[in-house]
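Presented below is the structure to which this report refers.
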Amino acid sequence: MTISPFSTRTMNLAHFPEQHARRLGDQPAVIWGDTVWDWAAFDARVKAMAAVFADHGVSKGDRVLVQSRNCNQMIESMYACFRIGAAWVPANFRGAPDDLAWMAELSGAKLLLCDAAFPDHAKVKGPEHVIAIGETIFAPDIDALMQDASEIPELATVDRDDLAWLFFTSGTSGRPKAAMLTHGQLGFVINNHLCDLVPGATQADASLVVAPLSHGAGMHHLMIAAKGASTILTTSPQFDTQEIWSLVEKYAVTNMFTVPTILKRMVETSDVAHYDHSSLKHVIYAGAPMYRADQIRALDVLGPVIVQYFGLGEVTGAITVLPAGDHSATDDRRDGTCGYPRTGMQVEIQAEDGSPSAPNVTGEICVTGPAVFAGYWQNPDANAESFRNGMFRTGDLGHMDEEGYVYITGRASDMYISGGSNIYPREIEEKLLTHPAVSEVAIFGMPDEAWGEIGVAVVALEAEQDATETELELFLKDKIASYKMPRRFHIWEEIPKSGYGKMAKRLVRAELERRQSLRAS
């Protein structure tokens, strides 16, 4: 094949396991419970899974939807898609079947790989084929099919702009949008992450996964796997600090990716004192602000190893970094900062007209550079709204000091962050409004020590209608993912309006705070 000198061909990301199988074949790639897959075995499984996908008609440019808890097959499915040149479309496993149905519809996925624990999700319409992870009656098991897989597909030739990953991230409308991540973009982010988050990482490192692989933890795996380091998965179906710290000791874990609420729980548990965690070099947290007191506690317990980054799925996390050396338990000069711009990225605070803001002046945080995604899948309106002057508009408000450190001071939308998950109220409001007794509803985030923020729903009922807080919660239970459920419900006779007759959440929030203050006094 003749390649033009102006070719934009890039490395297929599935070449990583193939490379490591040759050079590091007997070293651990993935560890889950008592099972260890070295790079040779892992690469063989990736190729067998790619063969199964190809046998089911998946080819370059197709999409494969994955509904699964963390497991080795989920990681393998990512590389299997990349090998064919198909796009990996992982779902947040905590999402409801309706969430997955929308993802299937928007992505046009040809195949659904579904964890046996989610039979209702497997019923979504759209994909031509359904394959299960684990033995079940609703679909054949991927492991059984891999044993009989036919010819292994060659590593697909990919362009730097070829789609690799559809990363679902909610928009202000509440319906999930799919950010297009490409092979070339992800290749840059891998190097950027290695440079800024885990400098000096080698094949001798070990990474523990304590968050869903469908989002930031998946990118963290891809980064650490690029160096030939091992990835360790937890086995408990629930968050288990004892298991986490025992694995850190057992495998001399050097790094992990988490969110502030999980990190807070990890350092507050007595389990942390019972296991050796001196191997840790980088404990990376992102996805939400972290209270200063929680930062100090983490530093006191773990030492100077915590690293913060700020970034959205659209930029694959690569906007700012606050490295371990910039965290201090005693120096409060930069309290509240999310760090400075990532290597190779330009961050700018912009006024409403798109002009750059002066230092310490609040505006919208915007970013440009090779980590920025290729736009939203089949959503030209969102693309038009999200880019200005060649920069991606994050929708977050903040300012930058004279030295280039960024501070997030608010959000342009109503989105709030609970337990590291972005939650957009409109989707929940629309579903709650389908209750026959509900007339109006306002949902917003309120500060919470455990979760960062929690959802609060203020509801006004139709005339002569009745409903309780418990009834409203039960009504929502099977309509939204559990992590989106408001933690508190308040039923009022009337919801405050602005002078224009519109419901203003700032007024609702102020009234709620007033009532809470009265009750406390």
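Along the sequence shown, residues are numbered consecutively beginning with 1.
Scanning for side chain to side chain donor-acceptor pair (under 3.5 Å) contacts around D43 gives K47, with sequence neighbours left out. Residues passing the side chain to side chain contact (heavy atoms under 4.5 Å, CB included) test with V46, sequence neighbours excluded: F42, E76, Y79.
A distance-only check finds a donor-acceptor pair linking the side chain of E243 to the backbone of T235 [under 3.5 Å]. Checking side-chain atoms of N192 against main-chain N and O of V189 turns up no donor-acceptor pair under 3.5 Å.
Between S77 and W88, the side chains place a donor N or O and an acceptor N or O closer than 3.5 Å (distance only, hydrogens not considered). Looking only at atom types and distance, the side chain of Q185 has no donor-acceptor partner in the side chain of R160 under 3.5 Å away.
Shown are Y309, Y405, Y407; of these, the ring-ring contact (aromatic ring centres under 6.0 Å, His included) with Y340 is made only by Y405.
Applying the ring pair (Phe, Tyr, Trp, His ring centres under 6.0 Å) rule to pairs touching residues 11-33 yields H20-W39, sequence neighbours excluded.
Counting heavy atoms from C-beta on, the side chains of V372 and F387 come closer than 4.5 Å. Using a 4.5 Å cut-off on side-chain heavy atoms (C-beta onward), R45 and Q73 make contact.
Looking at every heavy atom in both residues, A211 comes nearest to A217 through O-CB, 3.4 Å. Taking both residues in full, the closest heavy atoms of E453 and S418 are given as O-OG, 2.8 Å, listed atom of the first, atom of the second, then distance.
In this structure, R69 is not positioned above the aromatic face of F93 in the sense of NZ or CZ being under 6.0 Å from the six-membered ring centre and within 45° of the axis.
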